[in-house]
Structures are given as structure tokens and as C-alpha cells.
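Here's the structure we're looking at; comments come further down.
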Amino acid sequence: MNISTKLLSRFAAIIVIASLPTVADAQLPEQPSVTITIDEDVLDAFVDEPCHHFERARDTFLAGDVRTAANELRTAEAFLTLEAARAAPQGKVLLNNSVEELRRLASAIQRDQIDSVDVLKRAFARAHYALAGHHCIKTAHRCCRPMTLKSKQETARAARDMSAATLNLKRGFNWGGETMDQETQEMLDAAKLSTSKLTENTPDSQNQITRSIHSVHRKLESLTGRKIMLAPNPDVHDDLGPSIFK
């Protein structure tokens, strides 16, 4: 873990601590909420942090250290909360569902109400699928608008979101104990190639990334049994032009 990762992990831990009630809270007058802005390019650097905390939660749970396991879940929950803050509406719903599940699971662990690590693994898989859906939606909103390819920054962000979607899809497979068939592996390989081509802005890169978005999207719907809408809200105006997703 590098220094920057430590800093953001501490920030996530602060979110967890700040959300816990204390005796002093009842004695102090209500304070106005504080908004902290974090550049999404910074968040992109910590795309795999939830999985690291899931791994530590699993290991400490198996070692009987329920307090640490619960704290690791709350830190992972904080990272999902940060992502939800920049998510599109449906992506936010997916992430918030997992945030609530992780929160309940952390409390249940501390009360010694979880008797199998498989309960954790299934929740971790769902969290990764929620993250994958969020990043897939973000990619669709960004990279499939005419103006995106004219902006290096937007193109780079679209590529990072696509890469994050496939990473979390793979992580979900791993935690869920799913066997990745050849078709899925080929789909992920094609997504990796299309992401590279989008970054390089090669001819036909938009068509290739569009196909990859649809492939990842269909796989997520199949795995979760939930409909995931890719089209952005038509009432929200931005400078990237209309989406090709309807």
C-alpha cells in the first residue's frame, strides 16, 4: 500500500468514525453538515481498495477477530459511499444497497451473528457487481457521446471507468465462487482491448468500446438478475452531446 492509498484509507476510516454516535453527541448542539470535494480522478486511483478491505475482513473473521473484521467492512463501505457520491442515479441505487448490506453485516459480525465466511463472500460479490454496474453506467454516459473523443480528459476517464467495471466484474466472480467460462473470459479480454484502443483514440475505438459496454452490461444483468439502464437522463444537459444509448 503506498502513501497515497494510506491517506485515502485513513480518510475512509474518518468517515466511518464520524458516522458512529457518541455520548458527547447528545450534549452538543447540532452542527451544520460539511461538504468535502474529492476529484474523481483521485478516486480512480483507489479502485481496488474495497477488495483489499474485503480480504482483510475475511482473514480477520476467520481468525476470530470480529472487531477488526467489522472495522474493515466499515472502511470498505466508506469507499462505496465515496463512489456513490459521484454515481449516476441507478448506479447510486446499486451502491447504496451494498452500503446498507455491508453496514448491517458489520454490526452482525460484532454481535457474533455470522457463523460462516460464505455470508461475507456473497456480500462482497454483490458489492463488486454494484461497483461494476456503476462504472459501466459511467462509461456509457461518457464515452458514447460525440464530444467525448474530442476531450482527452473525458476519454481517459471513460477508459478508466471501463477498466474498473471489468476489474470489479472479475472480483465479483472470484468472491462468488463462480467459474468463469470461456465466453466471459473472451468478453473481458475484448473489453481490455477496447479500453486500450479508446485511450489511444484509434479508428473505430468508439464502436469497440460500445460493444464492450453492452457485453459487460448483459453479463452483469445475468449475474445479478437486475435490469441496469445505461441511458443517461435526457432531461440533464451537458456539453458532451446526446447519448447513443436509448
Side-chain angles (χ1 to χ4, degrees), residues 40-41 43-44 47 50 77 79-103 122-149 151 153-173 175-176 178 180 183-184 186-188 190-192 194-195 197-198 205-246:
E40 61 181 0
D41 291 338
L43 286 180
D44 285 335
V47 63
E77 170 204 325
F79 277 101
L80 266 69
T81 300
L82 289 173
E83 283 294 344
R86 65 163 179 157
Q90 192 183 18
K92 191 184 297 290
V93 170
L94 298 173
L95 290 170
N96 284 341
N97 287 343
S98 275
V99 164
E100 288 300 320
E101 181 176 30
L102 293 175
R103 187 173 297 157
R122 289 192 291 269
F124 299 163
R126 286 189 287 270
H128 279 294
Y129 290 146
L131 284 163
H134 152 62
H135 286 291
C136 188
I137 292 168
K138 293 288 285 186
T139 310
H141 287 198
R142 278 198 170 113
C143 79
C144 297
R145 298 184 179 195
M147 291 301 294
T148 295
L149 296 182
S151 167
Q153 184 180 52
E154 286 300 313
T155 299
R157 286 173 173 172
R160 287 198 298 268
D161 272 314
M162 188 73 250
S163 178
T166 57
L167 173 65
N168 280 287
L169 180 54
K170 287 190 285 188
R171 292 283 187 261
F173 260 93
W175 284 114
E178 302 279 351
M180 190 173 294
E183 180 183 356
T184 301
E186 289 175 352
M187 179 268 290
L188 292 173
K192 182 177 181 180
S194 65
T195 301
K197 290 185 177 299
L198 180 64
S205 60
Q206 187 174 19
N207 289 335
Q208 292 191 40
I209 197 72
T210 299
R211 287 194 292 271
S212 290
I213 290 169
H214 279 301
S215 296
V216 172
H217 168 238
R218 285 192 296 269
K219 178 56 68 174
L220 284 170
E221 288 189 331
S222 173
L223 289 167
T224 63
R226 299 189 63 172
K227 184 72 175 175
I228 300 174
M229 302 298 294
L230 293 179
N233 186 342
D235 297 326
V236 176
H237 174 74
D238 58 37
D239 297 327
L240 298 178
S243 170
I244 67 169
F245 291 104
K246 305 300 180 184

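- The environment of Lys192 atom NZ is sparse: at most 12 non-hydrogen atoms of other residues, nucleotides or ligands sit within 6.0 angstrom.
- Judged by distance alone, the side chain of Thr139 and the main-chain N or O of Met162 form a donor-acceptor pair under 3.5 Å.
- No side-chain donor-acceptor contact under 3.5 Å links Glu154 to the backbone of Arg142.
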Apply salt bridge (charged side-chain N to carboxylate O under 4.0 Å, His left out) to Glu100 and Arg103, showing your working. CA-CA 5 Å; Glu100 288 300 320; Arg103 187 173 297 157; 2.8 Å; yes
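- Once rounded to the nearest 0.5 Å, the distance linking NE2 of His135 with OG of Ser163 reads 9.5 Å.
- Distance alone, capped at 3.5 Å, places no donor-acceptor pair between the Lys138 side chain and the Arg157 backbone.
- Between the CG atom of Leu131 and the CZ atom of Arg171 there is a distance of 11.5 Å, given to the nearest 0.5 Å.
- Atom CE of Met187 sits about 8.5 Å away from atom OG1 of Thr166, to the nearest 0.5 Å.
- His217 places a side-chain N or O within 3.5 Å of a backbone atom of Ile228 that can act as its donor or acceptor partner.
- No donor-acceptor pair under 3.5 Å is formed between the side chain of Glu77 and the backbone N or O of Leu102.
- With rounding to the nearest 0.5 Å, the separation of NZ in Lys197 from CG in Asn207 is 12.5 Å.
- Taken to the nearest 0.5 Å, the CG atom of Asp161 stands 11.0 Å off from the NE2 atom of His141.
- Of the N and O atoms on the side chains of Lys219 and Thr184, at least one donor lies less than 3.5 Å from an acceptor on the other residue.
- In this structure, CD on Glu186 lies 12.0 Å from CE on Met180, to the nearest 0.5 angstrom.
- Under the 3.5 Å distance criterion, the side-chain polar atoms of Thr210 are matched with a main-chain donor or acceptor of Gln206.
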